[in-house]
Amino acid sequence: MSQAPVTAYDSILTLMPYEAGKPIEELTREYGVSDVIKLASNENPWGCSPSVTLAITEQLGQLARYPDDSGYYLKQALADFNDIDVKRITLGSGANDLLNILARTFVGTDDAIVYSQYAFVFYSMLAKMQGATGIEVPAQHFGHDLDAMRQAVADNDNIKIVFIANPNNPTGTQLERDAVREFLASMPSSVLVVLDEAYIEYSPKSNNRALLNEFDNIVIVRTFSKAYGLAGLRVGYALSSAPIAELLDRVRQPFNVNRLAMAAATAALGDQEFVNKVRLSNDEQRRWLGKQFDALGLGFIKSHANFIMVEMQVEMEDATAALVNQALLEQGIIVRPLTNYGLPDWLRITVGLVEENMRLIDTLRSILSDD
Ligand SMILES: Cc1ncc(COP(=O)(O)O)c(C=O)c1O
């Protein structure tokens, strides 16, 4: 009998775990700071619609029962909202669950996935999870270079999925609708284009829902974690052709969206007034933050989402964003370093509430003027 230890897939051995934003409780424990603000995970500082509380409360007596596996009510609500047949909707435990289901459904070890440099890190992780080839296409001005991505597809017969985040995380860049349309029109029908619209509510211009009427090889993935403020519940959805949705349904875990999440998402979707208020407040605060970064002499990328990527040109010894990040942590402020994206000089800062943003700027000013 072999005495060799169990080993993982080769590609799992080089897979780095997803780096989540530091939880508030952890910072409190590690640094003994109270009054922590978290601007690290692109969560919604304005919370969620008040209608969610009632929807969840109504479910509390039913926790011993499995959720409705068909997701009937949430799918109906999403079908109305997106003007699409329910058969074209797949529910997920967050957008990441859907991205994972897509990779498991379409990508095997002989296949390849295409994504952009500086695009959401989970795409490259999925390639490794599937033991597939990940092809990272160099970015252009920190955004997707669709011509180069088109060329990457033309150069490789094994590509199954192209992932495009629009707006993109962590750069906040957005693609013009015509450019996305042109890209899709140039794709072979055997290549699936996944448009990750996790931040769509902050940038209605990025909405490519209409392309679902034109192309069968497109999937749009969305989430309730951002503008809807339900990150803690884990719920998202995908829009696709009916045959693709039917394949995804075979692969998803049974009951992959829990009872509270489905009820909350249905209620949240019904309160578009809340979402509009969130967008307007986010716009206003993002503009304000931009002016403050200008005043501090910090470069940043124009963002179309609820975060801003800021360059830390600090005249410190070993001038790095890591030092600024550390100093912010010591002052009880959590932002996101981007070393794992190959962007060691940048920090991604989630747009917070007025008082959080003011505290961030005051703290940054004092950190930067100290040196
Ligand atoms: C571009 C992008 N896609 C997907 C996700 C995952 O979101 P969810 O919380 O719905 O899994 C995120 C989360 O940060 C994201 O930035």
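Position 1 is the first residue of the sequence, and the numbers go up from there. In listed order, ligands and their atoms are each counted from 1.
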Looking at Arg286 and Asp283, is there a salt bridge between them, counting it only when a charged N and a carboxylate O are closer than 4.0 Å? yes

In terms of side-chain heavy atoms, does [X] have a donor or acceptor partner in [Y] at a distance below 3.5 Å?
X: Tyr199; Y: Asn168; answer: no
X: Asp97; Y: Asn256; answer: yes
X: Ser70; Y: Lys75; answer: no

Are there any protein N or O atoms under 3.5 Å from the N or O atoms of ligand 1? List them with distances, or say none.
unit_1, atom_1, unit_2, atom_2, d
ligand 1, 3 (N), Asp196, OD1, 3.2
ligand 1, 3 (N), Asp196, OD2, 2.6
ligand 1, 9 (O), Ser225, OG, 2.7
ligand 1, 9 (O), Arg234, NH1, 2.8
ligand 1, 9 (O), Arg234, NH2, 3.4
ligand 1, 10 (O), Ala95, N, 2.6
ligand 1, 10 (O), Thr223, OG1, 2.5
ligand 1, 10 (O), Ser225, OG, 3.2
ligand 1, 11 (O), Ala95, N, 3.2
ligand 1, 11 (O), Asn96, N, 3.0
ligand 1, 11 (O), Arg234, NH2, 2.7
ligand 1, 14 (O), Tyr199, OH, 3.3
ligand 1, 14 (O), Lys226, NZ, 2.9
ligand 1, 16 (O), Asn169, ND2, 2.7
ligand 1, 16 (O), Tyr199, OH, 2.7

Of Val351, Val278, Asn42, the residue whose pairing with Tyr202 passes side chain to side chain contact (heavy atoms under 4.5 Å, CB included): Val278

Glu201: partners by salt bridge (Lys or Arg N to Asp or Glu O under 4.0 Å), with sequence neighbours left out: none

